[in-house]
J.: 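I have a structure here, written as structure tokens, and I will follow up with some questions on it.
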There are 2 protein chains.
Amino acid sequence: MTNGSTDGITDGITIGQAAAFAGVTVKTIRHYHRYGLIDEPRRDSSGYRRYGSTDLLRLVQVRTLAGAGVPLAEIAAILDADPDRFAAALIDVEQQLTGRIDELIARRDMLQRLAGGDRALLPDRACALLDRMPGLGFTADDVTTVREALVLVRALVPEGFDNYLAQIERGLGDPRYVSLIQRCWRAGDWEPDDPRIDELAAALADHFLTDPSLLPVLTGLQDRDDGAIRYELLTHHGEDQKPAWARLTVLIEAHLCSAGIDITYQTPAD
Amino acid sequence: MTNGSTDGITDGITIGQAAAFAGVTVKTIRHYHRYGLIDEPRRDSSGYRRYGSTDLLRLVQVRTLAGAGVPLAEIAAILDADPDRFAAALIDVEQQLTGRIDELIARRDMLQRLAGGDRALLPDRACALLDRMPGLGFTADDVTTVREALVLVRALVPEGFDNYLAQIERGLGDPRYVSLIQRCWRAGDWEPDDPRIDELAAALADHFLTDPSLLPVLTGLQDRDDGAIRYELLTHHGEDQKPAWARLTVLIEAHLCSAGIDITYQTPAD
DNA sequence: CTGGGCCCTGCCCCAAGGTCAGGGTCAACC
DNA sequence: GGTTGACCCTGACCTTGGGGCAGGGCCCAG
């Protein structure tokens, strides 16, 4: 009785059925209606939407393009275009997809590099350097601080990074320099007015004067019009936690300056 | 005069400078503040944010993870976690990335298939079939209608699709059947009460009775509890544009039925 | 007549910011 | 000393592709 022949069925399917057939949600279909991707079908006496096979076909077409990542805003134009533009549009979309794929692969590579410990954000050469440090007597804290410094240098003066790295590598080959640097790390925990700081600054400045190539100079900083800002940020990194370092820096600068070497950065205008 | 020594500079950089150094926009930094990814730095007398090297370091770390596609909501937890969980989280994120890459590649492949004309949405075997049709005397409109029908069948009864396709392939090998089908296409433009329709229906039913294997039966439809709905949708596709087809369908069904073959679909409850 | 399963519309929500509005600060230039 | 342009502040609304919920209607079965 309820289905005399085909009445009520060939009249069209409801939105829920159409959604199930096309593999989308009811909400998605209504969304497509609002965007004009699918014409609103006729309504039955209850105001329900009734979809026919043609509507369903259109829905499947839209769904396929949307599922392929085509922005909804472009789908109507693509489906309603003549075959030539249809093909051209698809090629365009495909190229965008390729770009996004490449980008994601680059991200994944970056993450794989990140995953090898906290040694994030640095190229392999820098990681190798950090790996050598514990064997030379540096503590884990030391390594962390150096890593932070390297990250900062790379972010602030990328063009000088390789050079800076090379200088550190050479420095690690000089055992006396290494031991001085390690004393500097210890000095971080000293009181700012500890007399050993003066002593250490003198020794370090002396060593720099003996072998000026060890001076960590940031090449490329001078070419920046905001070089001074970057320099200040770098040299004073860590000083908020370790006030003794601030004094150490000042003393070393003073020693070198009185010996005729000015490593502080001057703005070009000065 | 304006920069006595380091005052006003070591005080920190502004948000715009920090953004430039980290390669993000000012808005992005403020966004990160609101999400608690970066602590708010101190403010100067004008209420401007002033960033120090530690803030900048954190910004670069956050930026690197965000740039790698890690959701902002997870970045704080990852950066503040111990190294073990840090590594685990990165592996997790990396796997998600791999999944998205594979998905995008699948989309691109789909698009490449789509780009070979409007022959969208169908597997290669179906496309090959459509390609053969013009050589057998079918018009472009015919091919379009068949393509639409195939898309619908595939969407509505995917498990019966291959079988359906095979039946059509066999049908194309029978020249007499092909010519009958082509008359059916022409019949779409006849008046619904054209007497040739009766004649055509009789001839077609006769041919089906001679070789019942040509009857396009949709296997799998009976296993669906909504099979009737799907059947109605499929058999009546195109009838809104071509009313003559509706009559043709009815007549053929009647002929076959009176010969003892009932191809209409009955609901199990009936 | 009442419950459950559909359907309707309209509103707010997500990520990761972009954009605009309206207003304050700073340094320099005329 | 006024103005200009670059920078900063907050807050509110926009985006994509829908998800979720509220409040109400329709219909079928017990």
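Quick note on labels: first sequence line is chain A, next is B, and so on, each numbered from 1.
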J.: Just the rounded figure in Å: distance from C1' of D:dG11 to NE2 of B:H33.
T.: 17 Å
J.: Quick one: OG1 on B:T98 to CD on B:Q95, what's the gap to the nearest 0.5 Å?
T.: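 Nearest 0.5 Å value for the OG1-CD distance: 7.0 Å.
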J.: To the nearest 0.5 Å, what is the distance between OG1 on A:T145 and NZ on A:K242?
T.: 7.0 Å
J.: Salt bridge or not for A:D80 and A:R58, using N-O below 4.0 Å?
T.: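 Here A:D80 pairs with A:R58 in a salt bridge, since their nearest N and O are under 4.0 Å apart.
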J.: Rounded to the nearest angstrom, tell me the gap between atom CG in A:L59 and atom C1' in D:dG17.
T.: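 To the nearest whole Å, that distance equals 15 Å.
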J.: Just verifying a value: how many Å separate B:L37 CG and B:L72 CG, rounded to the nearest 0.5 Å?
T.: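 If I round to the nearest 0.5 Å, the distance is 5.5 Å.
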J.: Just how far, in rounded Å, is C1' of C:dC26 from CG of B:D44?
T.: 10 Å
J.: May I have the distance from B:I29 (atom CD1) to D:dC9 (atom C1'), rounded to whole angstrom?
T.: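 Checked: the CD1 to C1' distance equals 14 Å.
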J.: Please give, in whole Å, the distance from D:dT16 C1' to A:E74 CD?
T.: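 Between C1' of D:dT16 and CD of A:E74: 12 Å.
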J.: Any chance CG of A:D39 has more than 12 other-residue heavy atoms, nucleotides or ligands included, within less than 6.0 Å?
T.: no
J.: Between the protein and nucleotides 13-17 of chain C, list every N/O to N/O distance that falls short of 3.5 Å.
T.:
residue : atom : partner : partner atom : Å
C:dA15  : OP2  : B:Y35   : OH           : 3.3
C:dA16  : OP2  : B:L72   : N            : 2.9
C:dG17  : OP2  : B:Y32   : OH           : 3.3

J.: If you look at every strand shown and take non-hydrogen atoms under 4.0 Å, does A:R49 touch a base, only sugar-phosphate, or nothing?
T.: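 Sugar-phosphate: the residue A:R49, judged by heavy atoms under 4.0 Å, touches backbone atoms but no base.
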J.: What's the separation between atom CG in B:L150 and atom SG in B:C127, rounded to the nearest 0.5 Å?
T.: 9.5 Å
J.: With a 3.5 Å distance limit and no angle check, can you tell me whether B:H33 reaches the backbone of B:I38 through a side-chain donor-acceptor pair?
T.: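 Yes; at least one donor-acceptor contact below 3.5 Å.
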J.: So for the helix from C:dC1-D:dG30 to C:dC30-D:dG1, with five pairs setting each end axis, what is the inter-axis angle to 10°?
T.: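 End-to-end axis angle for the helix from C:dC1-D:dG30 to C:dC30-D:dG1: 30°, rounded to 10°.
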J.: Just how far, in rounded Å, is C1' of D:dC9 from OH of B:Y48?
T.: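 Taking OH of B:Y48 and C1' of D:dC9, I get 8 Å after rounding.
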J.: At what distance, to the nearest 0.5 angstrom, does CZ of B:R50 lie from OG1 of B:T14?
T.: 6.0 Å
J.: Starting from P on D:dC9, measure out to CZ on B:R42 and report it in whole angstrom.
T.: 14 Å
J.: Can you tell me how far apart CD1 (A:I29) and OH (A:Y51) are? Round to the nearest 0.5 Å.
T.: 5.0 Å
J.: I want to verify a distance call: between C:dT25, C:dC6, D:dC9, whose nearest atom is closest to the B:S46 side chain?
T.: C:dT25
J.: If you compare every side-chain N and O of A:R30 against the phosphate oxygens of D:dG20 (OP1, OP2), does one of them come in below 4.0 Å?
T.: no
J.: Measure the distance from CZ on A:R43 to P on C:dC8 and round it to the nearest whole Å.
T.: 6 Å
